[in-house]
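To keep things clear, I will list the structure first and then write my remarks on it.
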Amino acid sequence: MAPTAPDSLSAQEVATLSTKAIAAKATAYCPYSKFRVGACILTQTGEYISGANVENAAYPVGTCAERVAFGTAIVAGHKEFKAIAVATDIKPAASPCGMCRQFMREFTAPSFPVYMFDADGDYTVKTMGEVVI
Ligand code: THU
């Protein structure tokens with residue numbers, strides 16, 4: 001299936017991604033960094049799958065919100081994805097790290113939209129091909 005362009009999401013889909021990614025911050029396990037990250041994926045079948053960062057005393061063992069959300073979606077059987085939202089408590093919004101971009105690239109095209117929500121709930125959207133650290 002052809003990748004979905006960022007402008008193809010409806011206002012309702014963006015609003016739901018926002019609500020769910022922001023809510024997912026509350027589920028983060030981040031006692032070391034205290035940096036909460038929530039994520040939510042919209043699948044092509046219209047389901048929303050959330051994740052949050054889960055840290056570990058050994059830093060590289062911890063997992064980012066994006067990878068928790070994508071892993072959850074994959075093991076639930078989803079194969080096609082419309083967009084991901086990532087929410088943090090900072091401004092400007094954070095973009096996915098290199099490991100997350102590599103992880104997401106396995107399942108998405110360079111045109112896959114990444115919505116990045118900041119502390120105020122405002123967002124910027126870039127494609128996977130555009131996001132940089
Ligand atoms: N983190 C994410 O979960 N996603 C991002 O896009 C940026 C960073 C997490 C990893 C770690 O738990 C904390 O934020 C600080 O880097």
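Read the numbers this way: they start at 1 and go in the same order the structure lists the ligands and their atoms. Just so you know, residue 1 is the first one in the sequence shown, and it goes up from there.
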Residue, atom name and distance, where the atom is the protein heavy atom closest to atom 14 (O) of ligand 1: F35 CD2, 3.2 Å
By number and element, which atoms of ligand 1 are closer than 4.0 Å to a non-hydrogen atom of S33? 13 (C), 15 (C)
D120 backbone acceptor or donor facing D118 side chain under 3.5 Å: yes
Describe, in one word, how the ring planes of F117 and Y115 are oriented to each other, choosing from parallel (under 30°), tilted (30 to 60°) and perpendicular (over 60°). parallel
Under 6.0 Å between ring centres: does that hold for F70 and F81? yes
Closest protein heavy atom to atom 3 (O) of ligand 1, given as residue, atom name and distance to 0.1 Å: A65 N, 2.9 Å
Out of E55, R67, R101, M116, whose heavy atom is nearest to atom 11 (C) of ligand 1? E55
For ligand 1, indicate whether the residue C100 contacts it via side chain, backbone, both or neither (heavy-atom separation under 4.0 Å). neither
What atoms in ligand 1 come closer than 4.0 Å to a heavy atom of S95? 6 (O)
At what distance is the nearest protein heavy atom to atom 8 (C) of ligand 1, and which residue and atom is it? C64 SG, 4.1 Å
Are M116 and Y123 close enough that some pair of their side-chain heavy atoms sits under 4.5 Å apart? no
L17 backbone acceptor or donor facing K20 side chain under 3.5 Å: no
State which residues pass side chain to side chain donor-acceptor pair (under 3.5 Å) with Q12; sequence neighbours excluded, sorted by chain then number. T16
Check ligand 1 against P96 and write out every atom of the ligand that is under 4.0 Å from a heavy-atom position of the residue. 6 (O)
Within the distance-only criterion (no hydrogens, no angle test), does the side chain of N53 pair as donor or acceptor with the backbone N or O of F35 below 3.5 angstrom? yes
Atom 9 (C) of ligand 1: nearest protein contact (heavy atom, Å): N53 ND2, 3.6 Å
Sequence neighbours left out, what passes side chain to side chain donor-acceptor pair (under 3.5 Å) with T45? Give chain and number order. T43
Which residue owns the protein heavy atom closest to atom 4 (N) of ligand 1, what's the atom, and how far is it? E66 OE1, 2.8 Å
the protein heavy atom lying closest to atom 16 (O) of ligand 1 turns out to be Y59 OH, 3.3 Å
